[in-house]
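As structure tokens, the structure follows; a few thoughts come after it.
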Amino acid sequence: MNSIEIDSVFGIWESFDWYLLSSKYSQESIFYCPNLKVSLLITKNFARRIKDNDFPSSIQKILKGKENNPIYPTIERPKAFHLAIGLTNNCTLGCLYCHAEADKNKIIDTRYIDHAIEYAFQNASKTPRKILTVSFAVGGEPTMGWSLFKSTINKIREREQRKYCNVNKVYLSMTTNCYYGKDKRKYISENFDTLTLSLDGPKEIHDIHRPTRNDTSSYEIVKESCEFFIKSTSVKVGIRSTVSSISVQKLSDIVQYFYELFGNRFSITFEPLIQIGRALKNNLQSPNEDDFTYNFWEAYQVGKKLGINVTSSGVNINRLITRYCGAMSIPSFTVCTDGTITACHRDQNGKDYNYGKIDIATNQVLIDSSKITKNVSLAETPEYCKKCFAKYHCAGDCPDIRRIDYSRCNFNRFIIFKQLEELLNNKIDKKNPILANKPS
């Protein structure tokens, strides 16, 4: 077992999966039955008995008390229609790891925008609460073509105000590089509901990762934008930080640094750099998996003390799922700059997950249902995850990173184990061989 690998024994009790989990760094083992919401911190003696097929009656009693109220991963009907628009394939920054290599002088035809908005409102009117969510997270930096960006937002908000197609509410979100000044910040804060801000750490880290196109510093402007949005009371904010081999040892320091700059009215998402796109053309490297795992867990603990939620997209103990990606399986109506419709916002040219096209000539939105079915199958939990306890929480992880053979499996398993252990250690009876019993 390597340094972060979790030892796992798989079994079935009355049709329910159970797992016996242990780590080289933990004194006790965890008995985990996700569908019955049972997690138990148990002694090594009880763990040995379970491994020897001598299932303790005390554990069976707990399971029997839960078997009439199991929970299962469900695929809910979408509560809103989601539209994502790629306005441009260009960007004001030259980030060394950009997966989209966003430096192409290409913008979307406004006719595609108009068709997409019309289609989205019509479909949002069919959702239970008549809600439309719109994001700008495909291609380059949405704000780069400012007049196009504003006109698109204004079209959407104008329709919302007059309840076009009987749509009750529109929620706007965006991932942004924050490299712009006061007037743009003000407009964005007044019109958006949620923002994901790209800031990788203090100046010495951020400027290595995310220089301007002229290879100059972007840090001060980005920091000022982040401070403006975080202090705004009208928009929900999260910071997204990409982690390289340069920054991986400093994740706890980054959390502390952000807290000292901005307080704690935001979340932080740390994502490991993946060697695709522009990252294949320079010396910036992905973090070692062990280093990322340990340092993420330490940063998570620091965040808890400071009141900041520190997350990573691959793992979420609070969900039970069979598909990692809702965007792939709903699917998301993501419009690329050439009018191609794809399910994934990472697929800026629609080469990998496209399932339709906006046809300007015929004024139609053409959908290929067979491609939707294919995309949904890609989002399903892979067969090789069948006996893994993490499958209930990550569903095999992002299909797009699986496509390039990148794995976060050991990270996901370790973090889920540590979060279970953390939950259980809050309630311990040392006189009982079952040390704790708390719903996970």
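When a residue number appears, it is its place in the shown sequence, counting from 1. All values below were derived from every heavy atom in this structure, side-chain atoms included, with hydrogens, water molecules and symmetry-related copies excluded. Just so it is clear, the model here is predicted, and its values are computed rather than measured.
- Of the N and O atoms on the side chains of Ser245 and Asn288, not one donor lies less than 3.5 Å from an acceptor on the other residue.
- Judged by distance alone, the side chains of Asp200 and His209 do bring a donor and an acceptor atom under 3.5 Å apart.
- For Tyr187, the ring-ring contact (aromatic ring centres under 6.0 Å, His included) partners are Trp146, not counting sequence neighbours.
- Side-chain atoms of Lys203 and Ser217 include a donor-acceptor pair closer than 3.5 Å.
- A salt bridge does not link Lys391 to Glu383: none of the charged nitrogens lies less than 4.0 Å from a carboxylate oxygen.
- Contact detail for Val170 and Asp193: the closest heavy-atom pair is O-OD2, 3.7 Å.
- Applying the side-chain hydrogen bond (donor to acceptor under 3.5 Å, both in side chains) rule to Ser286 yields the partners Gln275; only residues at least two apart in sequence or on another chain are considered.
- The two atoms that bring Pro34 and Asp17 nearest to each other are CD-O, 3.8 Å, heavy atoms only.
- Classification of the Tyr257-Tyr219 ring pair by plane angle, with boundaries at 30° and 60°, yields tilted.
- Atom NZ of Lys184 has more than 12 heavy atoms from other residues, nucleotides or ligands within 6.0 Å.
- No salt bridge links Glu422 with Lys418; every basic N to acidic carboxylate O contact stays at or beyond 4.0 Å.
- A salt bridge links Arg185 with Glu224: at least one charged nitrogen is closer than 4.0 Å to a carboxylate oxygen.
- The pair Lys231-Glu227 meets the salt-bridge criterion, with a side-chain N (NZ, NE, NH1 or NH2) lying under 4.0 Å from an Asp/Glu carboxylate O.
- Two residues are said to be in side-chain contact when any heavy atoms from C-beta on lie closer than 4.5 Å; Leu251 and Asp253 fail this criterion.
- The backbone N or O of Phe270 lies less than 3.5 Å from no partner atom in the side chain of Arg240, so there is not a single donor-acceptor pair.
- Ser225 places a side-chain N or O within 3.5 Å of a backbone atom of Cys178 that can act as its donor or acceptor partner.
- Arg323 has no carboxylate O lying under 4.0 Å from a charged side-chain N of Asp397, or vice versa, which leaves the two without a salt bridge.
- Aromatic ring centroids of Tyr32 and Trp18 lie 6.0 Å or more apart.
- Under the 3.5 Å distance criterion, with hydrogens and angles disregarded, no donor-acceptor pair is assigned to the side chains of Tyr97 and Asn282.
- Side chains of His206 and Leu199 form a contact here, defined as non-hydrogen atoms less than 4.5 Å apart.
- For Lys223, the NZ atom sits in a packed shell: over 12 heavy atoms of surrounding residues, nucleotides or ligands are nearer than 6.0 Å.
- Val310 places a side-chain heavy atom less than 4.5 Å from the side chain of Val255.
- Checked against a 6.0 Å centroid threshold, the rings of Tyr300 and Trp297 count as neighbours.
- Both tests hold for Lys169 against Tyr171: distance to the six-membered ring centre under 6.0 Å, angle to the ring axis within 45°.
- Between the side chains of Ser135 and His82, a donor-acceptor pair is found at a separation under 3.5 Å.
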List the atom pairs, with distances to 0.1 Å, where a side-chain N or O of residues 47-57 and a protein N or O form a donor-acceptor pair under 3.5 Å, not counting sequence neighbours.
{"unit_1": "Arg49", "atom_1": "NE", "unit_2": "Asp54", "atom_2": "OD2", "d": "3.0"}

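- Note: Leu96 CG to Asp215 CG = 8.0 Å, rounded to the nearest 0.5 Å.
- Counting only distance, with no hydrogens or angles, the side chain of Asp291 and the backbone of Pro287 share no donor-acceptor pair below 3.5 Å.
- Phe262 and Phe266 have perpendicular rings, their planes meeting at more than 60° on a 0 to 90° scale where under 30° would count as parallel.
- Salt-bridge annotation for Glu101 and Arg278: absent, with no side-chain N of the basic residue lying under 4.0 Å from a carboxylate O of the acidic one.
- The backbone N or O of Ser189 lies less than 3.5 Å from a partner atom in the side chain of Ser234, making a donor-acceptor pair.
- Taken to the nearest 0.5 Å, the OH atom of Tyr119 stands 10.5 Å off from the CG atom of Leu83.
- Contact check for Thr212 versus Thr92: no side-chain heavy atoms found under the 4.5 Å cut-off.
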TODO: Assess whether side chain to side chain contact (heavy atoms under 4.5 Å, CB included) is satisfied between Asn412 and Cys394, documenting all intermediate values.
DONE: CA-CA 7 Å; Asn412 291 343; Cys394 75; 4.0 Å; yes
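- Separating the OH atom in Tyr294 from the CZ atom in Phe414 is a distance of 5.5 Å, to the nearest 0.5 Å.
- The distance from the OG atom of Ser407 to the CG atom of Asn410 is 6.5 Å, given to the nearest 0.5 Å.
- Looking at Arg346 and Asp352, no side-chain N of the basic residue comes within less than 4.0 Å of a carboxylate O on the acidic one, giving no salt bridge.
- In this structure, CZ in Arg408 is found 15.5 Å from CZ in Arg413, a value given to the nearest 0.5 Å.
- Contact annotation: the side chain of Phe149 approaches that of Ile188 to within less than 4.5 Å [non-hydrogen atoms, C-beta and beyond].
- Ser8 meets the side-chain hydrogen bond (donor to acceptor under 3.5 Å, both in side chains) test with no other residue; sequence neighbours excluded.
- When the shell of 6.0 Å around CG of Asn45 is examined, it contains more than 12 heavy atoms from other residues, nucleotides or ligands.
- In this structure, Phe292 and Phe296 have tilted ring planes: the angle between them lies in the 30° to 60° band.
- The side-chain hydrogen bond (donor to acceptor under 3.5 Å, both in side chains) search around Asp347 returns Thr342, not counting sequence neighbours.
- No side-chain heavy atom of Lys163 sits under 4.5 Å from any side-chain heavy atom of Phe121.
- Taken to the nearest 0.5 Å, the OG atom of Ser125 stands 6.5 Å off from the NZ atom of Lys130.
- Residue-environment remark: OH (Tyr259) stays at or below the threshold of 12 foreign heavy atoms within 6.0 Å.
- Looking only at side-chain heavy atoms (C-beta outward), Ile30 and Glu421 come within less than 4.5 Å of each other.
- At least one side-chain heavy atom of Glu67 sits less than 4.5 Å from a side-chain heavy atom of Trp13.
- In this view, Ser312 and Glu271 satisfy the side-chain hydrogen bond (donor to acceptor under 3.5 Å, both in side chains) rule, not counting sequence neighbours.
- In plain terms, the two heavy atoms of Tyr355 and Ala343 that are nearest each other are CE2-N, 3.8 Å.
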